[in-house]
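No hydrogens, no waters, no symmetry mates; every other heavy atom, side chains included, goes into these values.
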Amino acid sequence: TKTYGDGTFTISATGGSGGGAVTFESSDPTIVSISGTTATIHRAGTVTITATKAANNTYNEVTASVSLTVGKKTLTVKANDQLNIIKGAAMPVLTYTATGLVGSDTFTSPSISTTATDTNTVGEYDITISGGTLANADSYAVTYTNGKLTVVNATYTVTVTNGTGGGSYSEGQTVTITADSRGGYTFTGWSSSDGITFANSTASTTTFTMPGKAVTVTVNYSKNSSDNGGGSSSGGSSTGGSSTSTTTTTPEKKPNQPVT
């Protein structure tokens, strides 16, 4: 089984006597076309691939066939969240993201709307998405994901030192932060002088509840070393301390196998 959007693949055949040449044919080249031993997927569907071994002075021609199904590609269409719109501001433009399109295929003009009629009332509102025009639609299984729009009284800034997740958040909102990876260092935890309570201060990705003020959170590291030296790092500066040695290995990828 293959999926629409998969790359070209090699086909082969075994068995049969004699040295006759083997050729391959697809029952529907608009689904899967074959050139030599290379098959190319064009759309979803089912085809029969036939291998033919030519006759020679000793043996007759022989054929063998196999059915191949090309499944539909999953396309996820999500209404983008519109978060932390300040009360009384203009309504935001509603947008979407389509993930999973193949090649030059396009998805346009979905129906997208929200239950909010203005931004005069603080709260959370649904953003609904459906429909749209999809090129090569028969080759996709489309999933729609709604979004949300939030209207708040004010937002406050989160600054993340040596990590990601900073930005503007409203009071009470859950903030997700992630520590950067640093070569030669090991993550040791999060800290803040702004009274932040982390869900797990020793996890490289964690959360906290946004207070009604701007805050700064900092990633802390210890330096890796194979000798007696070493140190620790908080927000980019180093101090003396204990050390560890870290070794990372990455397994080799196995080559793709031929498909008959």
Side-chain angles (χ1 to χ4, degrees), residues 1-17 20-55 60-83 92-115 125-149 176 178 205 250-260:
T1 299
K2 294 288 184 178
T3 301
Y4 176 63
D6 288 352
T8 58
F9 58 96
T10 301
I11 54 178
S12 61
T14 59
S17 300
V22 177
T23 57
F24 300 93
E25 182 180 9
S26 169
S27 61
D28 190 342
T30 67
I31 297 175
V32 175
S33 62
I34 299 173
S35 176
T37 59
T38 300
T40 302
I41 295 171
H42 301 285
R43 61 184 178 90
T46 299
V47 297
T48 298
I49 295 177
T50 300
T52 301
K53 188 165 190 175
N60 294 324
E61 177 182 281
V62 64
T63 63
S65 298
V66 63
S67 178
L68 173 66
T69 297
V70 178
K72 294 184 177 185
K73 173 80 171 180
T74 297
L75 177 69
T76 301
V77 179
K78 185 186 184 310
N80 295 328
D81 292 336
Q82 304 291 336
L83 304 178
V93 175
L94 302 181
T95 59
Y96 66 92
T97 301
T99 303
L101 287 168
V102 173
S104 60
D105 290 348
T106 57
F107 176 84
T108 59
S109 305
S111 174
I112 183 168
S113 61
T114 178
T115 53
Y125 304 88
D126 291 333
I127 302 175
T128 304
I129 189 167
S130 61
T133 301
L134 174 60
N136 210 0
D138 289 343
S139 292
Y140 290 94
V142 183
T143 299
Y144 294 93
T145 303
N146 293 333
K148 64 181 178 179
L149 182 152
T176 301
T178 300
T205 295
T250 302
E252 295 185 3
K253 293 183 178 179
K254 294 183 178 180
N256 292 330
Q257 299 299 315
V259 177
T260 301

Can you list everything that forms a side chain to side chain donor-acceptor pair (under 3.5 Å) with Ser65? Sequence neighbours excluded, please. Thr50
Whether the side chain of Ser139 engages the backbone of Ala44 through a donor-acceptor N/O pair (distance < 3.5 Å, no angle test) should be reported. yes
Going by the rule side-chain contact (heavy atoms from CB on, under 4.5 Å), which residues pair with Thr97 if we only count those two or more places apart in sequence or in a different chain? Asn80, Thr99
For the CG atom of Asp126 and the OG1 atom of Thr114, what is their distance to the nearest 0.5 Å? 7.0 Å
Only one of Thr1, Thr3, Thr46 clears side-chain hydrogen bond (donor to acceptor under 3.5 Å, both in side chains) with Thr69; which? Thr46
Mind checking what makes side-chain contact (heavy atoms from CB on, under 4.5 Å) contact with Ala64, not counting sequence neighbours? none
Across all chains, not counting sequence neighbours, the side chain to side chain donor-acceptor pair (under 3.5 Å) partners of Thr30 are Asp28, Arg43
Applying side-chain contact (heavy atoms from CB on, under 4.5 Å), run through Leu83 and Lys148 and close with a yes or a no. CA-CA 7 Å; Leu83 304 178; Lys148 64 181 178 179; 3.8 Å; yes
Would you say Asn146's side chain and Ile129's backbone share a donor-acceptor pair under 3.5 angstrom? yes
4.5 Å side-chain heavy-atom contact, Ile112 and Ile127: yes
Pairwise side-chain contact, Leu134 with Leu101, heavy-atom cut-off 4.5 Å (strictly under): yes
For the residue pair Tyr4 and His42, what are the closest heavy atoms and their distance? CE1-O, 3.2 Å
Which residues satisfy the side chain to side chain donor-acceptor pair (under 3.5 Å) test with Thr178, sequence neighbours excluded? Thr205
Smallest heavy-atom separation, Pro92 atom then Leu149 atom, equals CG-CD1, 3.7 Å
Is the side chain of Ser26 donor-acceptor paired with the backbone N or O of Val32 at a distance under 3.5 Å, no angle test? yes
Please check this pair: side chain of Tyr144 against backbone of Gly131, looking for a donor-acceptor N/O pair closer than 3.5 Å. yes
Contact summary for Lys72 and Ala141, nearest pair of heavy atoms: CB-N, 3.9 Å
Taken in chain and number order and not counting sequence neighbours, the residues that satisfy salt bridge (charged side-chain N to carboxylate O under 4.0 Å, His left out) with Asp81 are Lys78
Examine distances only and state if a side-chain atom of Thr40 and a backbone atom of Ser33 form a donor-acceptor pair shorter than 3.5 Å. no
Working to the nearest 0.5 Å, report the span between OG1 of Thr8 and CD1 of Ile41. 9.0 Å
Any residue meeting side-chain contact (heavy atoms from CB on, under 4.5 Å) with Ser35, in chain and number order, not counting sequence neighbours: none
Quick test of your reading: applying ring-ring contact (aromatic ring centres under 6.0 Å, His included), list the pairs with at least one residue in residues 94-114, sequence neighbours left out, ordered by first then second residue. Tyr96-Phe107
For Tyr140, the side chain to side chain donor-acceptor pair (under 3.5 Å) test, sequence neighbours excluded, returns Asp105
Not counting sequence neighbours, which residues clear side-chain contact (heavy atoms from CB on, under 4.5 Å) with Glu25? List them please. none
Taking Thr63 for its side chain and Ala51 for its backbone only, find out whether a donor-acceptor pair lies under 3.5 Å. no
Side-chain contact, heavy-atom cut-off 4.5 Å: Gln82 with Thr95? yes
Which residue pairs satisfy the salt bridge (Lys or Arg N to Asp or Glu O under 4.0 Å) criterion with at least one member in residues 130-141, sequence neighbours excluded? none
